[in-house]
Amino acid sequence: MILAVDCSYSVDEREYNLQIGAIGAAFAQPEIRQAIGEGPSGSIALALVQWSSEHSQMTALPWTRVTEQNAPAVGRQISSVPRLTADGATSMAAAVYTCLDYFGQSEFQAARRTIDISADGRNNNGPYM
């Protein structure tokens, strides 16, 4: 799973902290931890990509194996990730293309690939899907 976090102009510091904090806190929730542990491999492969404009996507958390046991620690790591990308317009399409390429860089084998995109605007820059 890739968590694709919007860091475009429309996301101010408060909104960034809210979204990254909520994503991180989710990994401490018993329901989330249990779901991870009950999956076919007892774990998930996770990466976090920050994005804004067509030319601004950055890996903020490289591929990480998340288990029921280490999920809270991974969540704390996510909650502390600083904003790395440059501000810019909103290019969800470029974020999707970047994430699709990033799946090819994973050492993990997965039955499914998921991109979870957080955004507060519409695609207004770069390629269109």
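Everything numeric in this text was worked out from a predicted model, so none of it was measured.
For residues 8-24, no pair satisfies salt bridge (charged side-chain N to carboxylate O under 4.0 Å, His left out), with sequence neighbours left out. Every pair tested for salt bridge (charged side-chain N to carboxylate O under 4.0 Å, His left out) that includes a residue from residues 52-69 fails, sequence neighbours excluded, so the list is empty. Counting only residues at least two apart or in different chains, side-chain hydrogen bond (donor to acceptor under 3.5 Å, both in side chains) contacts with residues 99-117 are absent. Residue pairs meeting the side-chain hydrogen bond (donor to acceptor under 3.5 Å, both in side chains) criterion with at least one partner in residues 26-35, sequence neighbours excluded, are Gln34-Glu38. Sequence neighbours left out, the pairs with a member in residues 71-97 that pass salt bridge (charged side-chain N to carboxylate O under 4.0 Å, His left out) are Arg83-Asp87.
Under a hydrophobic clustering in which Ile, Leu, Val, Met, Phe, Trp and Tyr are joined whenever their side-chain heavy atoms come within less than 4.5 Å, directly or via other members, Leu46 and Val5 fall into the same cluster. Using a 4.5 Å cut-off between side-chain heavy atoms of Ile, Leu, Val, Met, Phe, Trp and Tyr, with links allowed through other members, Met58 and Ile78 fall into different hydrophobic clusters. Cluster annotation: Trp63 and Ile117 are assigned to the same hydrophobic cluster (Ile/Leu/Val/Met/Phe/Trp/Tyr, side-chain heavy-atom contacts under 4.5 Å, transitive). Hydrophobic clustering (side-chain heavy atoms under 4.5 Å, transitive across Ile, Leu, Val, Met, Phe, Trp, Tyr) keeps Val81 apart from Ile2. If you chain together hydrophobic residues whose side chains sit under 4.5 Å apart, Phe108 and Val49 fall into the same group.
In this structure Asn125 satisfies the side chain to side chain donor-acceptor pair (under 3.5 Å) test with no other residue, sequence neighbours excluded.
There is a side-chain donor-acceptor pair under 3.5 Å between Thr90 and Ser8.
The shortest heavy-atom contact between Gln57 and Ser53 is NE2-O, 2.7 Å. Considering every non-hydrogen atom in both Val74 and Thr64, the closest pair reads CG2-CG2, 4.2 Å.
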Intermediate values then yes/no, side-chain contact (heavy atoms from CB on, under 4.5 Å), Leu61 and Leu3: CA-CA 9 Å; Leu61 177 71; Leu3 303 171; over 6 Å; no
side-chain contact (heavy atoms from CB on, under 4.5 Å) between Gln19 and Val11, intermediate numbers included: CA-CA 10 Å; Gln19 76 180 321; Val11 177; 3.7 Å; yes
Cys7/Tyr16 under side-chain contact (heavy atoms from CB on, under 4.5 Å): CA gap, chis, key distance, verdict: CA-CA 7 Å; Cys7 292; Tyr16 172 79; 3.8 Å; yes
Residues Ser118, Asp6; criterion side chain to side chain donor-acceptor pair (under 3.5 Å); working and verdict: CA-CA 6 Å; Ser118 64; Asp6 184 356; over 6 Å; no
Trp51/Met92 under side-chain contact (heavy atoms from CB on, under 4.5 Å): CA gap, chis, key distance, verdict: CA-CA 8 Å; Trp51 61 274; Met92 282 182 255; 3.3 Å; yes
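Judged by distance alone, with hydrogens and angles left aside, the side-chain atoms of Ser56 form a donor-acceptor pair with the main-chain N or O of Ala86 at under 3.5 Å. A donor-acceptor pair under 3.5 Å is formed between the side chain of Ser91 and the backbone N or O of Ala94. For the pair Gln50 (side chain) and Leu84 (backbone), a donor-acceptor distance under 3.5 Å is present. Checked by atom type and distance alone, the side chain of Ser41 never pairs as donor or acceptor with a backbone atom of Gly39 at under 3.5 Å.
In this structure, OH on Tyr97 lies 11.0 Å from CD1 on Ile115, to the nearest 0.5 angstrom. Of the inter-residue distances, the one linking Phe27 atom CZ with Ser79 atom OG reads 10.0 Å to the nearest 0.5 angstrom.
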